[in-house]
Asker: 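Next up is a structure, given as structure tokens.
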Number of protein chains: 2
Amino acid sequence: MTYKEQLTTHFNNISEVCVPGLSLDCVIFGFHETRLNVLLLRWKGTDEWCLPGGFIVKDESVDVAAGRVLHERTGLDRLFLQQFHLFGDAVRYDREDTWRRQKMPMPFGSAAWPERTISVGYYALVDQLKVTPMADFMSDECSWWEVNELPSLLYDHKHIIDVALRTIRVQLSWQPIGLNLLPEKFTIPELQRLYEAVLGRPLDARNFHKKIMGLNILIRMDERRTGKAHKSPYLYQFDQERYQRALINGDLSFV
Amino acid sequence: MTYKEQLTTHFNNISEVCVPGLSLDCVIFGFHETRLNVLLLRWKGTDEWCLPGGFIVKDESVDVAAGRVLHERTGLDRLFLQQFHLFGDAVRYDREDTWRRQKMPMPFGSAAWPERTISVGYYALVDQLKVTPMADFMSDECSWWEVNELPSLLYDHKHIIDVALRTIRVQLSWQPIGLNLLPEKFTIPELQRLYEAVLGRPLDARNFHKKIMGLNILIRMDERRTGKAHKSPYLYQFDQERYQRALINGDLSFV
DNA sequence: ACAAAAGTGTTCTTTCTACACCCATGG
DNA sequence: CCATGGGTGTAGAAAGAACACTTTTGT
């Protein structure tokens with residue numbers, strides 16, 4: 001079976017078993033060193049990138065579909081995953097241009113499939129080191145890109161990433177969602193670098209320390225992170241139980 | 001043409017010209033005296049109520065479709081209208097039960113129309129006095145209901161209203177969206193009552209005055225509101241221009 | 001021993017909260 | 001003239017912002 005036949009079979013199948021005209025796109029944020037990254041796929045045989053996405057099976061919850069897409073690309077389960085916007089403009093992007101850049105575009109031929117596609121955006125926050133990015137059969141490569149240095153993107157995916165970024169910046173001020181982007185054990189300076197990456201501005205170390213500890217959801221371990229030059233920082237863990245309690249009480253604001 | 005035939009024709013038409021399987025529901029908030037209200041329709045021949053909703057024409061932007069629905073029910077244009085959530089659970093409500101209560105449910109017969117419907121929620125904030133609620137041919141009545149005293153609702157519309165309410169409560173803390181719920185000229189106590197209705201708790205008059213005036217987006221008129229007993233309060237107007245500027249700068253938080 | 005990051009407190013400023021009295025109006 | 005809601009300021013508490021030096025570690 002040639003690649004083109006494979007693609008056609010795949011989309012015929014989607015047309016049949018999925019909700020027509022509705023797709024979902026996942027903006028998967030990862031964090032490494034001081035950089036906030038997004039997971040992207042390179043469209044087969046091109047230098048064009050796009051967000052991991054998928055379709056919703058006819059009797060499947062949209063949230064479940066998003067979890068499925070995420071699992072397929074990252075191998076991770078039970079991720080922090082949140083719907084953030086429906087992209088429903090009549091003309092979301094220049095279709096001719098996108099098809100040209102894709103070389104082999106998605107072959108939706110079915111009459112049941114509408115001309116235009118509406119898309120739900122989800123964002124996920126993951127610990128980048130736990131992820132082995134996996135390309136699908138429509139892409140040659142799956143990798144992390146710094147949010148400030150994105151490659152050429154297909155569709156309206158640049159716009160979708162912008163909206164997702166704006167969303168997590170606001171969210172970060174209300175709840176410490178950033179904790180999902182770090183490994184189980186982390187240091188305060190690592191957490192601070194994460195906040196700085198998401199918010200896009202430097203923070204004062206002393207004030208940061210006070211505020212984040214004031215939330216009462218971090219526990220200091222006896223261990224320290226060694227191996228690097230300089231003073232070794234303490235490791236902390238996230239207190240899931242207290243976090244849940246604080247979420248309900250609503251006292252997790254961080255500005 | 002009997003009502004049943006009319007209904008069938010209508011839904012045949014929708015199946016043909018609209019995006020299949022996707023609907024939209026509008027939570028239209030109005031404010032009057034001290035009460036925050038929602039506009040509801042009474043399903044023809046029943047005592048069951050539901051949100052005004054509609055479908056998206058195949059080449060229509062979802063935002064435009066929401067504006068259209070809103071215009072049809074309220075006669076208003078250029079409303080404050082915002083998408084807030086996609087309701088995409090595989091089972092959103094007990095269908096058998098809803099059909100029974102509806103007596104004559106929406107007759108989607110077409111093969112192109114999926115079994116389950118996904119719905120986008122929009123909320124609108126309107127000046128209740130500018131609105132003449134209009135029922136459509138599927139409903140006997142269109143009227144305002146206090147958010148704390150809702151009647152029996154069809155589908156998952158109670159849940160949709162709850163999510164909308166939670167959303168505007170959060171939004172209100174970040175931008176003075178409440179101004180859309182009042183007439184052009186209003187008094188500070190009226191505005192305070194609106195905030196109290198949305199937030200669901202009393203506010204201190206002096207602190208409220210300070211904070212709201214601190215935003216620098218209200219202009220005091222020379223007129224006062226007379227006609228009622230007691231001291232006549234000043235009228236204020238909303239400074240659109242400064243509001244736009246403040247929105248961009250992000251200094252409109254109100255907690 | 002040196003360079004570089006970690007850790008830690010205090011002061012000042014701003015914002016938030018609580019609280020009470022006189023005034024104007026229509027009835 | 002009375003009842004009722006409108007209008008206004010201040011003091012104390014809490015939270016936010018600015019700021020510098022010592023400690024630790026690997027090289």
Asker: Measure from CZ on B:Arg201 to P on C:dC16 and round the result to the nearest Å.
Answerer: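 Interatomic distance, CZ of B:Arg201 to P of C:dC16: 12 Å.
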Asker: Take the protein atom CE of A:Met213 and the nucleotide atom C1' of C:dA6, then report the distance between them rounded to whole Å.
Answerer: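 For the pair A:Met213 CE and C:dA6 C1', the rounded distance is 14 Å.
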Asker: Atom CZ of B:Phe208 to atom C1' of C:dC19: distance rounded to whole Å?
Answerer: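 Going from B:Phe208 (CZ) to C:dC19 (C1'), I get 19 Å.
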Asker: Scan nucleotides 5-13 of chain D nucleotide by nucleotide, 5' to 3', and note B when protein non-hydrogen atoms come under 4.0 Å of the base, S if they reach only the sugar-phosphate, - if neither.
Answerer: BBSBBB---
Asker: Without decimals, in angstroms, what is the distance between A:Lys211 NZ and D:dA14 C1'?
Answerer: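 The answer, rounded to whole Å, is 13 Å.
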Asker: Looking at B:Arg73 and B:Asp136, is any side-chain nitrogen of the basic one under 4.0 Å from a carboxylate oxygen of the acidic one?
Answerer: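 B:Arg73 and B:Asp136: salt-bridged.
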Asker: How far apart are the closest heavy atoms of A:Glu190 and A:Phe31, and which atoms are they?
Answerer: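 Between these two residues, the closest heavy atoms are O-CE2, 4.0 Å.
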Asker: Taking side chain to side chain donor-acceptor pair (under 3.5 Å) as the cut-off, I'd like each qualifying pair that reaches into residues 159-168 of chain A, sequence neighbours left out, listed once.
Answerer: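 Sorted pair list: A:Lys158-A:Asp162.
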Asker: Residues in side-chain contact (heavy atoms from CB on, under 4.5 Å) with B:Met221, at least two apart?
Answerer: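 B:Lys185, B:Ile219, B:Glu223, B:Leu235, B:Gln237.
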Asker: Taking ring-ring contact (aromatic ring centres under 6.0 Å, His included) as the criterion, tell me which of A:Trp43, A:Trp145, A:Tyr155 meets it with A:Trp49.
Answerer: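 So the option named by the test is A:Trp145.
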Asker: Are A:Ser119 and A:Ser23 close enough that a side-chain donor and a side-chain acceptor fall under 3.5 Å?
Answerer: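 A pair is found: one side chain offers a donor N or O, the other an acceptor, under 3.5 Å apart.
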Asker: Over how many whole Å does the gap from A:Phe186 atom CZ to C:dA6 atom P extend?
Answerer: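 Going from CZ in A:Phe186 over to P in C:dA6 covers 15 Å.
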